[in-house]
Peer 1: 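One structure, as structure tokens, below. Some questions next.
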There are 2 protein chains.
Amino acid sequence: MKTSSQNHSVEKDSFEKPILTVDVAYLSIRGGELEILTIKRDKAPHEGELALPGGYVHCDEDEDLSETARRVIAEKTQLEPDYIEQVETIASRSRDPRGWTATVLFMALVSDSKRGEDDKLGKDCQWVALGGLKRKSLAFDHGELLSKVKERLVAKSRYTSIPLYLLPKEFTLSEAQKYFEITTQSTLEKKSFRRRLLDADIIEETGEQTKTGKRKAALYRNKNDSNVHFFPRMIG
Amino acid sequence: MKTSSQNHSVEKDSFEKPILTVDVAYLSIRGGELEILTIKRDKAPHEGELALPGGYVHCDEDEDLSETARRVIAEKTQLEPDYIEQVETIASRSRDPRGWTATVLFMALVSDSKRGEDDKLGKDCQWVALGGLKRKSLAFDHGELLSKVKERLVAKSRYTSIPLYLLPKEFTLSEAQKYFEITTQSTLEKKSFRRRLLDADIIEETGEQTKTGKRKAALYRNKNDSNVHFFPRMIG
DNA sequence: ACTTATAAGTGGCAGTGTGCCACTATTTGC
DNA sequence: GCAAATAGTGGCACACTGCCACTTATAAGT
């Protein structure tokens, strides 16, 4: 029923090769809100608009795709992500005016403390709060890509520990809860959250306490050896 | 620190475009075991070896990647899958002797009843039991691709209803349990399994019963409207 | 007919982790 | 000292899975 060629000429040479790129949604939390690293495009198409950092796969340099993703980020910032994950590959004829393109979409997270001040960022780079991004304000279909990444982040934050990668090196349980509430887009219950995080054996007390605030709070850090933790049940 | 070019020549034209393909791990259960659809390669490289069905993306025909996946399957079989899911995109210089290639890997499932008899399959196509596949017996890195798909199937079978796509149109709860035990690679407890599946409200009794066997068993079928169900907890 | 073996199906309680809410504890500012 | 705000705890309810013994139905053998 399909209108495809039934012979096996699929593997014949000189096919029109599609364009293959990698795009990275690089996320961080600051000011109590998710922010994303954007690049202001300096050429057509979509010149002057904001876009996700991305680029062509370099067949001669990149051993695999996650390396492309890291390279693309390194070209724009000096910030190595604390976490990176391949999300999905999106392709179509219409998503880029230059022709049929495929892009491998990555989600990357960087902690608040590693991110530090944003002064050494190139001036075409900018962290933008997600709340301030109007729909359709990103170039190409990058708004949709961002939605896919957000969806993945929200989903995984409900049953894994990946929001820990967004927290500063030392944090209180209340701050951790706030970060998880941002990434899960829900309000969490204090006792349940604390019990869950502490029972998981993935963070440890530093011994120090906060100095500001109404009452001193215990400071925690991620255990060195800990990878992504999968909780036995979802939260929220 | 990276040795990447620091200028922004990334978007300049005439880059060496990598090859983009789609490969599909098409799975089915028969004889109490997972089977995979293989194609015997009729040309180099790896001529004569078994491989996953796959092919180049056709920029002119395929609107997106899942369409490529369906087309690739339709070219080899007349069997439309009951379920299809993008798993991961794998790329490297070394995975194919013809050069730097990227492949978008899909997992597809077909029910035992829709699959029917295998007589109308092309003679280069063959369903092969996973247990009978020695390591390294698939062309290229398709053994690794299969491992990734297996991993995904095992994981998702523990908290979703996708094994239902492998069952025949009508099935007993014991058969369903057997299928879930195959896909989760674990033994499941009868009462827990039944309660879980029935409470999910995704299957319904046909009213009929089996005729063979020691005791007649109630027959069930998938509810028409039901999509993939996510159970609140993992099993097994 | 009675027994035996086997598969289908159920009752019921324990275990585990989350939801919920009230309660106590500590610190700051008045 | 007292109120306000944040940190942290006690304890039980709830939902779902694990477990295991038990009953029911059918076929086959004696």
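Keep in mind that the numbers below use all heavy atoms, side chains included, and drop hydrogens, waters and symmetry copies. Each chain gets a letter, A, B and so on, in the order its sequence line appears, and its residues count up from 1.
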Peer 1: What are the two closest heavy atoms between B:Val87 and B:Arg152, and how far apart are they?
Peer 2: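 Taking B:Val87 first and B:Arg152 second, the nearest heavy atoms are O-NH2, 3.0 Å.
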Peer 1: From the set D:dT9, D:dA5, C:dT10, return the single nucleotide nearest to any side-chain atom of A:Lys214.
Peer 2: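 Nearest nucleotide to the side chain: D:dA5.
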Peer 1: To the nearest Å, give me how far apart CG (B:Asp201) and C1' (D:dC16) are.
Peer 2: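 From B:Asp201 CG to D:dC16 C1': 17 Å.
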Peer 1: Do B:Thr103 and B:Asp23 have side-chain N/O donor and acceptor atoms under 3.5 Å apart?
Peer 2: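 Result is yes, a qualifying pair exists.
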Peer 1: Please confirm whether the shortest side-chain N or O distance from B:Arg196 to OP1 or OP2 of D:dT17 is below 4.0 Å.
Peer 2: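 For D:dT17, OP1/OP2 do have a side-chain N/O of B:Arg196 under 4.0 Å.
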Peer 1: Would you find more than 12 non-hydrogen atoms of other residues, nucleotides or ligands less than 6.0 Å from B:Glu144 atom CD?
Peer 2: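 No.
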Peer 1: Anything under 30° is parallel, anything over 60° is perpendicular, the rest tilted; go ahead and classify A:Tyr165 against A:Tyr83.
Peer 2: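 Correct class here is parallel.
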Peer 1: Rounded to the Å, how far apart are A:Leu197 CG and D:dG8 C1'?
Peer 2: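 Distance, rounded to whole Å: 14 Å.
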Peer 1: Name the nucleic acid region contacted by B:Ser174, choosing base, sugar-phosphate or nothing; use a 4.0 angstrom heavy-atom cut-off, strictly under.
Peer 2: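 Sugar-phosphate contact only - B:Ser174 comes under 4.0 Å of backbone atoms but never of a base.
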Peer 1: Expressed as a whole number of angstroms, how long is the span from A:Tyr220:OH to D:dA7:P?
Peer 2: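 Atom OH in A:Tyr220 sits about 12 Å away from atom P in D:dA7.
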Peer 1: Roughly, in whole Å, what's the span from NZ in B:Lys216 to C1' in D:dT24?
Peer 2: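 Rounded to the whole Å, the gap is 13 Å.
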Peer 1: Using a 4.0 Å heavy-atom cut-off across all strands, classify B:Leu173 as base, sugar-phosphate, or nothing.
Peer 2: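 Since no nucleic acid heavy atom lies under 4.0 Å of B:Leu173, the category is nothing.
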Peer 1: Please report, rounded to the nearest Å, how far the P atom of C:dT10 is from the CD atom of B:Gln177.
Peer 2: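 From B:Gln177 CD to C:dT10 P: 14 Å.
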Peer 1: Please compare B:Asp199 and B:Lys190 by the position of their nearest nucleotide in DNA chain D and report the one closer to 5'.
Peer 2: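 Final value for this comparison: B:Asp199.
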Peer 1: Hey, which sits more toward the 5' end of DNA chain C by its nearest nucleotide, A:Lys191 or A:Lys211?
Peer 2: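 Final value for this comparison: A:Lys191.
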Peer 1: Nearest whole angstrom, please: distance from the P of D:dC19 to the CG of B:Leu188.
Peer 2: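 It works out to 11 Å between those atoms.
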Peer 1: Hey, is the side chain of B:Arg215 pairing donor to acceptor with the base of C:dA7 inside 3.5 Å?
Peer 2: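 No pair found.
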Peer 1: How are the rings of B:His142 and B:Phe140 set relative to one another: parallel (under 30°), tilted (30 to 60°) or perpendicular (over 60°)?
Peer 2: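 The rings of B:His142 and B:Phe140 sit tilted, inter-plane angle from 30° to 60°.
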Peer 1: Using atom NZ of B:Lys178 as one end and atom C1' of C:dA7 as the other, report the distance to the nearest whole Å.
Peer 2: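 Distance check: B:Lys178 NZ to C:dA7 C1' gives 12 Å.
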Peer 1: Taking the side chain of A:Pro232 as heavy atoms from C-beta outward, which of C:dG19, C:dG17, D:dT17 is closest to it?
Peer 2: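 Among C:dG19, C:dG17, D:dT17, the one nearest the side chain of A:Pro232 is C:dG17.
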Peer 1: In this structure, how many angstroms lie between the P atom of C:dG15 and the CD atom of B:Glu189, rounded?
Peer 2: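 Those two atoms, CD and P, are 16 Å apart.
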Peer 1: May I ask you to say what A:Arg195 touches in the nucleic acid, namely base, sugar-phosphate or nothing, with a heavy-atom cut-off under 4.0 Å?
Peer 2: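 Here A:Arg195 touches the bases of the nucleic acid.
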Peer 1: Could you work out which one of D:dA7, C:dG9, D:dT17 sits closest to the side chain of A:Arg194?
Peer 2: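 Of the candidates, D:dA7 comes closest.
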